[in-house]
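Please read the structure below before turning to the comments.
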Amino acid sequence: MEDVLDEWSTARLKLKINGVDALVCLEKVCSFFPAASCFGCNPLVLCRDIALKVREINESLDDIAKQKDQFGFAVNVIKSNERADERVPSISSIDESEIFGREKEKSELVNRLLCESSKEQKGPCVISLVGMGGIGKTTLAQFAYNNDDVKKNFEERIWVCVSEAFDVFRIARAIIEALTYSSSNFVEFQSLMQHIQKHVAGKKLLLVLDDVWNEDFYKWEQFYNCLKTCLHGSKILITTRKETVARIMGSADIISVNVLSETECWLVFESLGFSGKSMEERENLEKIGREIIRKCKGLPLVAKTIASLLRSKNTEKEWQNILESEIWEIEEVEKNLLAPLLLSYNELPSKVKQCFTYCAIFPKNSKIWKDKLIELWMAQGFLNNKRSKEMEEIGEEYFNILASRSFFQDFERGYDGKIYQCKVHDIVHDFAQFLCRKECLMVEILCGEEQLPQGIGKLRKLMYLDNDYTNSLRYLPVGIRELIRLRRVRKFVVGGGYDRACSLESLKRLILLRECRIHGLGDVSDVGEARRAELEKKKNLFDLELRFDCTINEEQERRDDEEDEQLLEALQPPPNLKKL
């Protein structure tokens, strides 16, 4: 058996990738099949399993290659030193004269850094600044770090730019370097931690960790434990785009950093864009400048980038060209704004990325209903996976990932505290459209006296039919009974007198229904038809509306209540009904 395993340990699999043969070494084949190494390994069975796995991989690669050719995708190779989302590390120093607005946030942050921690607090108190990329979190942290009162309050102040890779060795060495003013020669992580612990013991410390992405509690726990020897009242200030990071790091206070007002954004723009210009030039360009500032949508990074570009442009024509450009057509904006947005986007799980770019279909500044959005993701097949969770649960999980990473904003919550509505920031919306600019086209359609097509029964995977605003709808096609996956029908119109119209009996096969509003019951006279709908067997139906209106002839004489009662009696209620 050992001879067989030794032979297979150097085996090579030959895969076909886009028509090019590639060799993949298998260092230890049995590691792919744990059971084999534990209970003995039949070489024939092992060969067969590997062959099936290789065939599965080849089929997947062939499918990807076909789709690449079908959609005309090009393969781009990005060199490791040419990353589009790479950012320049931040430093602690800042010119306070260049900070505009945010008086409330500045005051709140300084107060929280200066206030005494509770006596029960063991270790430094963690404060987090949370907001989307380019919104000004780092600038706010720099302001607080350099505030005179803050300087007096802390014996040691340390600034570390963490960025996306939470490199524990680099961060530890940066802390030691700040404390001792010399670089560390320690090789072992344990030695680094002990050195930090020794130098912070009994000192009141302010540690700023800028641009944190890490969601691994274990990595953070090691740092936090070694900082517990510092003096009571020490603080750790982190900036992050992800609320989940703030919670994992045990933040006692989370400060949301929001967009600037148009007035504040103008001050940022004015200080750079009009620098060195004469009064006459300023007067000629101010009107265009104020229109340009609306493009910035409250993001100081965009205001600074466009202002820096216009600093060297003095004619109205040059400024007008910038005003009339799409934001991603401005090379400097693309370079400076694309980096932080791409960083946030690339960090998303692959399945969540497509959920985000789908948001490009909504009009700018529109309110998005969370449940509706999740249903649309379901309809696109974005939430299919092999886990035992319901698709709605997966959609909720994906929505929360995007919300916690500042891709959504302006949340509206119900009485239970749960989000039911949100918006996408205009710049983030532009970014989503930029990502899918070759895939997504927005068009407007007019609603007329449309009826649903007879062929609707072919949409076998349809789950939600939201047709409640179709006031002219007189009936549903008989094919509706084929849609056995339907979970909600906003308007199930019983159209008794129309050819090929569905009847109450068409409900019989729709056993997965959760919500249903039945219209046109005033036209139903056959009690047997109501019984054959078998509502009482629909265990999933919790929301039911029955409308005893007439759709055939609304002017006809109203029948007596007794007939309605008989029909209602025949429509036996489902067992788990919550709303009628």
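All of these numbers come straight from a predicted model, not from anything done at the bench.
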>> Could you go through Leu476 and Asn467, starting from their C-alpha distance and side-chain angles, then the distance that decides it, and tell me whether this counts as side chain to side chain contact (heavy atoms under 4.5 Å, CB included)?
In response: CA-CA 10 Å; Leu476 292 185; Asn467 57 342; 3.8 Å; yes
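- A donor-acceptor pair under 3.5 Å links the side-chain atoms of Asp549 to the main chain of Gly520, judged by distance alone.
- Put simply, the side chain of Lys508 does not reach to within 4.5 Å of the side chain of Arg481, judged on heavy atoms.
- The side-chain contact (heavy atoms from CB on, under 4.5 Å) test applied to Asp526 returns Glu529, Arg532, not counting sequence neighbours.
- Looking only at distances, no side-chain donor or acceptor of Thr239 sits under 3.5 Å from a matching main-chain atom of Leu129.
- Atom-to-atom distance recorded for Glu215:CD and Thr244:OG1 is 3.5 Å, nearest 0.5 angstrom.
- Smallest separation of non-hydrogen atoms from Ile374 and Glu396: CD1-N, 3.6 Å.
- We find the CG-CG distance between Leu567 and Leu546 to be 8.5 Å, quoted to the nearest 0.5 Å.
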List the atom pairs, donor and acceptor, that lie under 3.5 Å between side-chain atoms in residues 568-580 and the rest of the protein, sequence neighbours left out.
from	atom 1	to	atom 2	distance (Å)
Gln572	NE2	Glu569	O	2.7
Asn576	ND2	Lys539	O	2.7

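- Qualifying ring-ring contact (aromatic ring centres under 6.0 Å, His included) partners for Phe407, counting only residues two or more places apart in sequence or in other chains: Phe356.
- Using a 4.5 Å heavy-atom threshold, the side chains of Asn346 and Lys353 count as touching.
- The minimum heavy-atom distance between Phe408 and Leu373, with the atom names listed, is CZ-CD2, 3.9 Å.
- Residues Leu209 and Met249 are in side-chain contact: their nearest non-hydrogen atoms beyond the backbone lie under 4.5 Å apart.
- Annotation for Ile511: atom CD1 does not count as buried by contact number, only 12 or fewer foreign heavy atoms lying within 6.0 Å.
- Contact detail for Asn365 and Lys423: the closest heavy-atom pair is OD1-NZ, 3.4 Å.
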> Would Arg290 and Glu262 satisfy salt bridge (charged side-chain N to carboxylate O under 4.0 Å, His left out), going step by step from the backbone distance to the final call?
Replying inline: CA-CA 9 Å; Arg290 290 195 178 274; Glu262 194 171 304; over 6 Å; no
> Going through the checks in order, is the side chain to side chain contact (heavy atoms under 4.5 Å, CB included) test met by Leu521 and Leu504?
Replying inline: CA-CA 9 Å; Leu521 288 173; Leu504 262 179; 3.9 Å; yes
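- The environment of NZ in Lys537 is sparse: at most 12 heavy-atom neighbours from other residues, nucleotides or ligands sit within 6.0 Å.
- Rounding to the nearest 0.5 Å gives a distance of 9.5 Å between CG of Leu376 and SG of Cys359.
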> Given Glu534 and Lys538, is the salt bridge (charged side-chain N to carboxylate O under 4.0 Å, His left out) satisfied, shown in steps?
Replying inline: CA-CA 7 Å; Glu534 297 185 351; Lys538 301 190 190 319; over 6 Å; no
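- To the nearest 0.5 Å, atom SG of residue Cys355 and atom CD1 of residue Ile401 are 9.0 Å apart.
- Put simply, the residue from Arg488, Arg517, Arg490 that forms a salt bridge (charged side-chain N to carboxylate O under 4.0 Å, His left out) with Asp543 is Arg517.
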> Going through the distances and angles, do Glu243 and Arg247 end up as a salt bridge (charged side-chain N to carboxylate O under 4.0 Å, His left out)?
Replying inline: CA-CA 6 Å; Glu243 190 177 327; Arg247 304 215 177 270; 2.7 Å; yes
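- Legend: residues meeting ring-ring contact (aromatic ring centres under 6.0 Å, His included) with Phe542, ordered by chain and number and at least two apart, are absent.
- Between Phe492 and Ile480 there is a side-chain heavy-atom pair separated by less than 4.5 Å.
- Here the closest non-hydrogen pair linking Phe411 and Ala403 is CZ-CB, 3.7 Å.
- Applying the side-chain contact (heavy atoms from CB on, under 4.5 Å) criterion to Ser366, with sequence neighbours excluded, gives Phe362, Pro363, Ile368.
- For the pair Leu512/Ile484, no side-chain contact is recorded, criterion being any heavy-atom separation below 4.5 Å from C-beta on.
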>> Set out, in order, the CA-CA distance, both residues' side-chain angles and the distance that settles salt bridge (charged side-chain N to carboxylate O under 4.0 Å, His left out) for Glu347 and Arg405, then state yes or no.
In response: CA-CA 10 Å; Glu347 196 267 344; Arg405 285 156 171 76; 3.1 Å; yes
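- Residues Lys364 and Asp430 form a side-chain contact, since some pair of their non-hydrogen atoms from C-beta on lies under 4.5 Å apart.
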>> Applying side chain to side chain contact (heavy atoms under 4.5 Å, CB included) to Val162 and Asp211, what does each step give before you reach the verdict?
In response: CA-CA 6 Å; Val162 178; Asp211 196 28; 5.7 Å; no
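- Looking at every heavy atom in both residues, Ile254 comes nearest to Ala246 through CD1-CB, 3.9 Å.
- A donor-acceptor contact shorter than 3.5 Å is absent between the side chain of Lys297 and the backbone of Val259.
- Arg102 is linked by a side-chain contact (heavy atoms from CB on, under 4.5 Å) to Glu105, Lys106, Ile135, Leu140, Val257, Leu260, Pro300, counting only residues two or more places apart in sequence or in another chain.
- In this structure, the separation between OG on Ser406 and NZ on Lys242 is 10.5 Å, given to the nearest 0.5 Å.
- Across all their heavy atoms, Leu301 and Thr305 have their closest contact at O-OG1, 2.7 Å.
- By the 4.5 Å heavy-atom criterion applied to side chains, Asp210 and Lys137 are not counted as neighbours.
- Atom CD of Glu482 is separated from atom SG of Cys502 by 12.0 Å, given to the nearest 0.5 angstrom.
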>> Apply side chain to side chain contact (heavy atoms under 4.5 Å, CB included) to residues Phe382 and Lys351 and explain how you reach the verdict.
In response: CA-CA 7 Å; Phe382 295 162; Lys351 289 181 178 293; over 6 Å; no
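- Taking 4.5 Å as the limit, some side-chain heavy atom of Phe399 sits within range of a side-chain heavy atom of Ile419.
- Between Glu375 and Arg514 there is no salt bridge, since none of the side-chain N atoms of the basic residue sits less than 4.0 Å from a carboxylate O of the acidic one.
- In this structure, Arg460 contributes its side chain and Gly457 its backbone to a donor-acceptor pair below 3.5 Å.
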